[in-house]
Amino acid sequence: MLTPEIAVDLVSESLHLVMLMVVLLIVPGLVMGLLVSLFQAATQINEQTLSFLPRLLVTLVVLSVSGHWMASSLMDFCVSVFQRAARLVG
């Protein structure tokens, strides 16, 4: 039977995993955006592709490097959710 404690634990674990993956993807892009904006402010170059392309490349590199870990973490979480559901039912 699903109790409030189990539901809160499940939601807490899922939010933790989502926040970890979002931080892993967003923070490197934010740091690169800050570096590019400092460079643009220092050189007074206002090119839109200069601000977008490095962030895109950094995000793609982080995704390619950590994609395997992210996919395995999501699969492990899904397997654990289904195992918990099977224990709760019977």
Side-chain angles (χ1 to χ4, degrees):
M1 185 161 147
L2 184 64
T3 62
E5 291 83 19
I6 295 173
V8 167
D9 183 44
L10 183 63
V11 169
S12 173
E13 188 177 341
S14 63
L15 285 177
H16 183 299
L17 184 63
V18 166
M19 285 191 305
L20 185 64
M21 289 188 183
V22 166
V23 164
L24 185 66
L25 288 175
I26 296 296
V27 168
L30 288 174
V31 170
M32 180 55 70
L34 178 67
L35 292 175
V36 167
S37 66
L38 287 174
F39 175 75
Q40 283 182 331
T43 60
Q44 294 184 354
I45 298 174
N46 283 332
E47 181 63 34
Q48 292 298 323
T49 55
L50 183 63
S51 64
F52 176 71
L53 192 60
R55 286 185 294 169
L56 177 66
L57 292 176
V58 165
T59 303
L60 290 176
V61 166
V62 169
L63 190 59
S64 67
V65 168
S66 64
H68 178 72
W69 174 82
M70 290 173 63
S72 66
S73 296
L74 279 174
M75 286 192 302
D76 291 342
F77 178 71
C78 288
V79 167
S80 72
V81 166
F82 283 116
Q83 288 174 345
R84 288 181 198 175
R87 278 194 308 246
L88 289 174
V89 171

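Start at 1 with the first residue, then count along the sequence. Treat the numbers as computed from the prediction; the structure is a model and nothing was measured.
Residue V11 is found in a hydrophobic cluster whose other members, listed by chain and number, are L15; membership requires side-chain heavy atoms under 4.5 Å apart, directly or through intermediates. Hydrophobic side-chain contacts under 4.5 Å tie I26 into a cluster, directly or through other members, with V18, V22, L30.
Listed by chain and residue number, V61 satisfy the side chain to side chain contact (heavy atoms under 4.5 Å, CB included) test with V65 (two or more places apart in sequence, or in another chain). Evaluation of the side chain to side chain contact (heavy atoms under 4.5 Å, CB included) rule for Q48 yields S51 as partners, not counting sequence neighbours. The side chain to side chain contact (heavy atoms under 4.5 Å, CB included) search around L35 returns V31, not counting sequence neighbours. Listed by chain and residue number, R84 satisfy the side-chain hydrogen bond (donor to acceptor under 3.5 Å, both in side chains) test with E13 (two or more places apart in sequence, or in another chain). Partners of S73 by side chain to side chain contact (heavy atoms under 4.5 Å, CB included), not counting sequence neighbours, listed by chain and number: L17, M21, W69.
Annotation: salt bridge (charged side-chain N to carboxylate O under 4.0 Å, His left out) contacts involving residues 17-43, sequence neighbours excluded, are absent. For residues 18-44, no residue pair satisfies the side-chain hydrogen bond (donor to acceptor under 3.5 Å, both in side chains) rule, not counting sequence neighbours. Identified under the salt bridge (charged side-chain N to carboxylate O under 4.0 Å, His left out) test for residues 39-59, with sequence neighbours left out: none.
Residues L63 and L24 fall within the same hydrophobic cluster, defined by Ile, Leu, Val, Met, Phe, Trp and Tyr side chains chained together at heavy-atom separations under 4.5 Å. Linking Ile, Leu, Val, Met, Phe, Trp and Tyr residues whenever their side-chain heavy atoms come within less than 4.5 Å leaves V58 and L53 in two separate clusters. When hydrophobic clusters are built by joining Ile, Leu, Val, Met, Phe, Trp and Tyr residues whose side-chain heavy atoms come closer than 4.5 Å, directly or via intermediates, F77 is grouped together with L25. Put simply, L10 and L20 are part of the same group of oily side chains (I, L, V, M, F, W, Y) that touch within less than 4.5 Å, one to the next.
Between the CG atom in L50 and the CZ atom in F39 there is a gap of 6.0 Å [rounded to 0.5 Å].
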- Message: Using the rule given for side-chain contact (heavy atoms from CB on, under 4.5 Å), can you reason through T3 versus I6, listing the C-alpha separation, both sets of side-chain angles and the distance that settles it, and then say yes or no?
- Response: CA-CA 5 Å; T3 62; I6 295 173; 3.3 Å; yes
